[in-house]
**Q** 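Got a structure for you, questions after.
Just so you know, residue 1 is the first one in the sequence shown, and it goes up from there. Predicted model only: the values in this text are computed from it and were never measured. Any value given below was found using the heavy atoms of this structure, including those in side chains, with hydrogens, waters and symmetry copies removed.
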Amino acid sequence: MCGLVGIVSHSPVNQSIYDALTVLQHRGQDAAGIVTWGEDGLRQRKANGLVRDVFRQRHMLRLTGNVGIGHIRYPTAGGSRASEAQPFYVNSPYGICLGHNGNLTNYDELAELLTKEDRRHLSTSSDSEVLLNVFAHELQCRANGRPTPEQIFDAVEAVHQRCTGGYAVVALIIGIGIVAFRDPNGIRPLVLGARKTDEGSDYMVASESVALDVLQFERLRDVQPGETIFIENAGTLHSRESREEIRHTPCIFEFVYFARPDSILDNLSVYKARLRMGEQLAGKIIRDFPDHDIDVVIPIPSTSRTSAVQVANHLGVKYREGFIKNRYIGRTFIMPGQEERAKSVRHKLNAIDLEFRNKNVLLVDDSIVRGTTSRQIIKLAREAGARRVYFASAAPPVRYPNVYGIDMPAAKELIANGRSIEEIEKAIGADRLIYQDLHGLIRSVRHDNSSITEFDTSCFSGEYVTGDVTDEYLHEIERRRNDGAKQRREAKRKGLTVASDRAGAAVGM
């Protein structure tokens, strides 16, 4: 999962892009990058780390220009090397920089075609670089001189024909403008906003509407599935909807966990969706546990708070904040390995004993993925003196890998895969475990927008909306991207870094 922003303005955009990335930081903590364009030419800064660490004052002063894009990343495909931080750049045609949120399911096929037939060089194992080169090749095949909006639209349509998976993209064509588009299923989110100035309208695209809010851009609408937005450097906006049949299936896990509650995605309020998740979950608890002896409902900070309040209200029991979160620890779900996730839980949360002592507590979380965090938190609750610890998930069991840009690549790493509810309950150490029903989750999210009739629920249902995900593909991504493979790549990366440092020291660098 990553965060995107692109701005075409009548004033410098460096600080605006920085501010937007900071409010999208929850979407990725591995790397950050900004590219700007103006009278001083193309300017870029990207590196591993949080936004606040990557960009210092000296970097910001160099990022001149009124047009720019930004990206924050956590790795699903590719690795964690600094060379894989985005935006990526290719010099032909025109010079294009691109940031991408999602995952291409036909990466291997595309990479081979690009190198053998399109004669393009790939420097990394990132599918984002593949997507950039596909777009660059298709634009080069169509444009003669300065590209027209129609040529850009046709190039993106060709991208849709060649690429499968979930993707939202923002690209800067040097000297031309910004292009933004979304996959034909609309799996990954992208919103469009505008801001009136004395010189005219500034335009912005971002992964979530909260980025528009912080910069006082009016949210115009979501970029539609398969649609292309082209904003010229001078500020003229062009758009074209897909000419192919679309099937709008946004990722439901955005509403469960990833998106901020104050965001609106696909015309759906994340906050309201989570309120209704709590209502649906409370109904499930009442049906499955009618004689419950719950004394207090306690959320797992912070995504589950909205749902937990509604659970407490509908059950008629107290709601209490029993855990204090260290705000300076990253989101455990998007940490790169199981060891790091397990280690961070105790650093991240501390229990308030008086809220647990001699009580039957119901802990509410947004979801249970690997089970690491849940197991550690239940242990914390018992150590704080809880008599009985019940656990409820506002989402159904996560049983299958997500292949559209969320780091759930290995089925064997998912605690619900191949296990019954009772077995999961025992594995995490809960006295009772209650899961949301899938139909209850769908009803919670789509309540306000009947035009969206289905979602990508693949991690819960095993049904992949792009229709190209085979068992062989799932086995292959599990082999490449399980925690063990990540640890081996990281060890290799650290070894190369140490060797490089030693070599540098030997020659007096």
**Q** Of Ile187, Leu131, Asn103, Asp127, which meets side chain to side chain contact (heavy atoms under 4.5 Å, CB included) against Tyr167?
**A** Leu131

**Q** With a 6.0 Å cut-off (strictly less than), is the heavy-atom count around CZ of Phe289, excluding the residue itself, greater than 12?
**A** yes

**Q** Side chains of Tyr404 and Thr466 only: does a donor on one sit below 3.5 Å from an acceptor on the other?
**A** yes

**Q** Would one find more than 12 heavy atoms of other residues, nucleotides or ligands at under 6.0 Å from atom CZ of Arg221?
**A** yes

**Q** Under a 3.5 Å cutoff, is there a donor and acceptor pairing between the side chains of Thr124 and Glu129?
**A** yes

**Q** Under the salt bridge (Lys or Arg N to Asp or Glu O under 4.0 Å) rule, what do Asp154 and Arg240 come out as? Steps first, then yes or no, please.
**A** CA-CA 10 Å; Asp154 289 343; Arg240 186 169 87 183; 2.8 Å; yes

**Q** If every non-hydrogen atom of Leu215 is compared with every non-hydrogen atom of Ala20, which pair is closest and at what distance?
**A** CD1-CB, 4.1 Å

**Q** Could you tell me whether the side chains of Thr105 and Thr164 share a donor-acceptor contact shorter than 3.5 Å?
**A** yes

**Q** Can you tell me which residue pairs pass the ring pair (Phe, Tyr, Trp, His ring centres under 6.0 Å) test with a partner in residues 298-323, sequence neighbours excluded?
**A** Phe323-Phe356

**Q** Which atoms form the tightest heavy-atom contact between Phe391 and Ala430, and what is the distance?
**A** CB-CB, 4.1 Å

**Q** Pick out which of Arg27, Arg260, Arg274 makes a salt bridge (Lys or Arg N to Asp or Glu O under 4.0 Å) with Glu254.
**A** Arg27

**Q** Do Asp437 and Lys284 meet the salt-bridge criterion of a basic N to acidic O distance under 4.0 Å?
**A** yes

**Q** Which heavy atom of Leu139 sits nearest to which heavy atom of Gln151, and what is that distance?
**A** CD1-O, 4.2 Å

**Q** Taking salt bridge (Lys or Arg N to Asp or Glu O under 4.0 Å) as the cut-off, I'd like each qualifying pair that reaches into residues 464-477, sequence neighbours left out, listed once.
**A** Glu476-Arg479, Glu476-Arg480

**Q** Using the test side chain to side chain donor-acceptor pair (under 3.5 Å), find all partners of His10 that sit at least two apart in sequence or belong to another chain.
**A** Asp202

**Q** Can you confirm whether or not the ring centre of Phe217 sits under 6.0 Å from the ring centre of Tyr203?
**A** no

**Q** Examine the side chains of His248 and Glu454 and answer whether a donor and an acceptor come within less than 3.5 Å of each other.
**A** no

